[in-house]
Amino acid sequence: MSVQTGAPGSVTTVYKVSGMSCGHCEGAVSGELSELSGVSSVQAVASSGEVTVVSAAPLDEEAVRAAVDEAGFELVGKA
C-alpha cells in the first residue's frame, strides 16, 4: 500500500517482513532501509511484521528486498 502523506512529495509505504521477533530485529531492518536513497523515516514493528517507510518518492521494491535481505529477514511484499 502506498499512500501520499500530508508532506508534499513524500510517500508512505507499508511492507510485510517475516522473521522479526524483537527490538533488535526491528533495529536491523530499520537501519538497512534507512540507508536507501530518499528514505526519511522507518518504523518496524516485530509483533505485526509491518515496516512503515516514508520516502521522497516510491521505492524500488527490489532495493527494499535487498535491504531487508541484508538485515537477515524476508520481504513478503506490500501490506
Considering only distance and modelled atom types, tabulate donor-acceptor pairs under 3.5 Å from the side chains of residues 47-64, sequence neighbours left out.
{"unit_1": "Ser48", "atom_1": "OG", "unit_2": "Val45", "atom_2": "O", "d": "3.4"}
{"unit_1": "Ser48", "atom_1": "OG", "unit_2": "Glu50", "atom_2": "N", "d": "3.3"}
{"unit_1": "Ser55", "atom_1": "OG", "unit_2": "Ala57", "atom_2": "O", "d": "2.7"}
{"unit_1": "Asp60", "atom_1": "OD2", "unit_2": "Glu62", "atom_2": "N", "d": "3.4"}
{"unit_1": "Asp60", "atom_1": "OD2", "unit_2": "Ala63", "atom_2": "N", "d": "3.1"}

Please output the side-chain donor-acceptor pairs of residues 20-31 that fall under 3.5 Å, not counting sequence neighbours, one pair per line with the distance.
{"unit_1": "Glu26", "atom_1": "OE2", "unit_2": "Ala46", "atom_2": "N", "d": "2.8"}
{"unit_1": "Ser30", "atom_1": "OG", "unit_2": "Glu26", "atom_2": "O", "d": "2.9"}

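Remark: Thr12 OG1 to Gln43 CD distance equals 11.0 Å, nearest 0.5 Å. Here the CZ atom belonging to Arg65 is positioned 15.5 Å from the CZ atom belonging to Phe73, to the nearest 0.5 angstrom.
Residue Val76 is found outside any hydrophobic cluster, as its side-chain heavy atoms come under 4.5 Å of no other Ile, Leu, Val, Met, Phe, Trp or Tyr.
With hydrophobic clusters built from ILVMFWY side chains whose heavy atoms lie under 4.5 angstrom apart, Val11 does not share a cluster with Tyr15.
Val39 and Ser34 get closest at one heavy-atom pair: CG1-CA, 4.0 Å.
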